[in-house]
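Structure record follows, encoded as structure tokens.
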Amino acid sequence: MKVNSILLNPKDNVVTAVNDINEGEDIQYLKNGELYTIKASEKIPSYHKVVISEIKKNEHVIKYGEIIGAATENLTVGRLANHLNIASLPRDYEMEIRRE
Amino acid sequence: MEFLGYRRPDGKVGIRNHVLILPTVSCSSETCRIIASQVKGSVNLIVQAGCAEVEGNEEMTQAVLTGFAANPNVYGTVVVGLGCENVPAAKLADKISKITNKPIAHFEIQEIGGTVNTINQAVRAARKMAEDASVQSREVCDISELMIATECGGSDATSGLAANPVVGNVSDKIVDAGGSSMMSETTEFVGAEHILARRGATPEIHDEIIKICRDLEIHLGNVNQDLRTGQPTPGNKEGGLSTIEEKSLGCIYKGGTRPIVEVVKCSHIPTKKGCIVMDTPGYDTVSVSAMAAGGCQVMLFTTGRGTPTGLGIMPVIKVTGNKHTYEHMKDNMDFDTSDVISGTKTIDQLGDELLNELLLVCNGKITKAESYGFSDVAINRMCSFI
């Protein structure tokens, strides 16, 4: 058994594949030192993202423990998550400025 | 930590000893190329701007041109102008003299009477300057004299996993030793600006980081452009980066974790030491030129897709986290960080190795981009030429 994907933060709902993974192949990653296995439901190219817990339409996609966008469709476990099904979110800069 | 550098009369320290043949405008760029080809020890830069500019564009061009001449890697500058441009040679030379007391000479094609006569005179001046430069020796300098630039271009998902964290590790080591590290590309803060802003040394710097992102989005909005339509780039997407947030979260690793002490305008020279943020667009070539103009002596440039880019006056070290790219583009890549992804080395181990490589380059080792003589210049624009 060889780990072929990286979970960057325990909060993440996607992992990054470190090599090409074919449909039906195992996706293996470590979370808090424990090995997890899911099945790829489609072909995953190297360094692309795979969904590890279901993300409903408009829910946040999390990588690095941070929001990288929102799902534009329901994404089931094992799906490829890419620019075709994740949309960037507008920023609220005025809220972020501390005005001290 | 020490390196061997060239001490300048203005107090700064260079890691190269170039005589710069600097055009004021695109019209004198080709003449500069011929002058540099005649004088060993000199480099020319091709400039596409310098005339028919609105005030905002002129300010951007002048900051780059004066900054190039002031860059510590430059021994002295020969300015070559046409004569009818916005800022002619004598005026540009005067502006440069206000920020550095390094050797300078200037020539004007229309005044002297054509390119052949100008080349004749400028080659003589450049040859003498290069001869004077050749007498100068490297001396031991403390790392606090060094300002590195961190940059990324042609990113893929490995950039945020390996190359940028390793470069960030080097940045922290340089800053902890008293040196400076500059990060730029405001476009690639967007989506991660809240995390970057937390590193602001003061509440004002925190807000400045948020504001440069807000202002960039407003600026692009004024020409009906959403930065998200151009970012991530097609190559980024193919490399596994889906949104600007994802790209930015990976990008900001390259600047390390230390407090940000100053936010400077595009191509401006910082006044403080430590971590610096420069407000530049996400176009990497513009950022490379801007950070060289800001006084950085050397650049760590991360790339997942691979890029050959370089700049005549500042060594650029290519760092990749993509094993395939390192092998496939070995003629352009300087350093491989993919061992982080395979888990055979830690970020800190590779940080030590990259720091060692960086110091070798500071001491004179030539990078891949340098050995081919690559020199891509781009200057930011705020609107059309007049």
Side-chain angles (χ1 to χ4, degrees), chain A residues 2-9 11-21 28-30 33 43-51 55 60-73 75 79-100, chain B residues 155-162 165 189-195 197-198 200 202-204 206-218 226-229 231-234 236-250 252-253 304 321-324 338 340-343:
Chain A
K2 189 176 168 288
V3 169
N4 59 6
S5 300
I6 298 176
L7 179 77
L8 287 162
N9 187 294
K11 289 185 209 158
D12 293 359
N13 50 21
V14 292
V15 292
T16 303
V18 298
N19 48 254
D20 290 341
I21 299 170
Q28 301 198 300
Y29 60 93
L30 293 170
K43 186 180 169 10
I44 313 292
S46 286
Y47 309 123
H48 281 244
K49 296 174 292 300
V50 191
V51 176
I55 309 169
H60 292 155
V61 181
I62 314 282
K63 182 183 169 185
Y64 300 109
E66 301 285 341
I67 299 162
I68 63 163
T72 57
E73 56 183 282
L75 295 173
R79 283 284 309 276
L80 172 70
N82 68 7
H83 60 283
L84 300 174
N85 54 32
I86 311 174
S88 174
L89 294 166
R91 313 299 299 173
D92 187 349
Y93 296 117
E94 299 310 321
M95 281 290 291
E96 291 182 43
I97 293 171
R98 286 180 181 158
R99 300 180 193 284
E100 281 166 357
Chain B
S155 295
D156 69 6
T158 67
S159 302
L161 295 178
F189 303 157
V190 170
E193 78 286 348
H194 55 300
I195 300 167
R198 276 184 228 137
T202 65
E204 288 75 23
H206 172 281
D207 284 1
E208 272 182 77
I209 291 166
I210 305 294
K211 283 175 188 166
I212 58 175
C213 295
R214 177 195 65 186
D215 294 349
L216 174 67
E217 292 225 44
I218 292 170
D226 184 338
L227 71 82
R228 286 158 191 78
T229 56
Q231 290 285 352
T233 64
N236 295 151
K237 289 173 184 166
E238 207 183 307
L241 296 173
S242 309
T243 60
I244 186 62
E245 292 96 315
E246 182 183 13
K247 183 175 174 178
S248 295
L249 286 161
I252 63 166
Y253 278 111
N322 188 317
K323 188 85 190 162
H324 171 75
S338 64
V340 170
I341 295 173
S342 64

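Here the structure is a predicted model, which is why all the values come from computation and not from measurement. Here is the naming used below: chain letters follow the sequence lines, and residue numbers restart at 1 for every chain. Values reported hereafter were calculated over all heavy atoms of this structure, with side chains retained and with hydrogens, waters and symmetry mates removed.
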Taking all atoms of both residues into account, what is the closest heavy-atom pair of B:Ser242 and A:Ala81, and its distance? OG-O, 4.0 Å
Counting distance only, does the side-chain N/O of A:His83 pair as donor-acceptor with the main-chain N or O of B:Pro232 below 3.5 Å? no
Applying side chain to side chain contact (heavy atoms under 4.5 Å, CB included) to A:Tyr93 and not counting sequence neighbours gives A:Arg91, A:Glu96, B:Val190, B:Glu193, B:Ile210, B:Cys213, B:Arg214, B:Glu217
Heavy-atom distances under 4.5 Å only: say whether A:Ala87 touches chain B with side chain, backbone, both or neither. backbone
Separation of B:Asp156 CG from A:Ser46 OG (nearest 0.5 Å): 9.5 Å
Between A:Leu80 and chain B, with a heavy-atom cut-off of 4.5 Å, which part of the residue counts as in contact: side chain, backbone, both or neither? neither
More than 12 heavy atoms from other groups under 6.0 Å of NZ on A:Lys43: yes
Using non-hydrogen atoms only, which part of B:His206 is less than 4.5 Å away from chain A: side chain, backbone, both, or neither? side chain
Closest approach of B:Ala157 to A:Lys63 (non-hydrogen atoms, all atoms of both residues): CB-NZ, 4.4 Å
Please flag which part of A:Ile6 lies under 4.5 Å from any non-hydrogen atom of chain B: side chain, backbone, both or neither. side chain
Side chain to side chain contact (heavy atoms under 4.5 Å, CB included) between B:Leu241 and A:Tyr47, intermediate numbers included: CA-CA 9 Å; B:Leu241 296 173; A:Tyr47 309 123; over 6 Å; no
Name the region of B:Leu161, side chain, backbone, both or neither, that has any atom closer than 4.5 Å to a heavy atom of chain A. both
Roughly how far apart are B:Ile209 CD1 and A:Ile97 CD1, rounded to 0.5 Å? 12.0 Å
Got a sec, which residues hit side chain to side chain contact (heavy atoms under 4.5 Å, CB included) with A:Ser88, two or more places apart in sequence or on another chain? B:Arg228, B:Thr243, B:Ile244, B:Glu245
Does the side chain of A:Glu66 reach to within under 4.5 Å of the side chain of B:Glu246, using non-hydrogen atoms? no
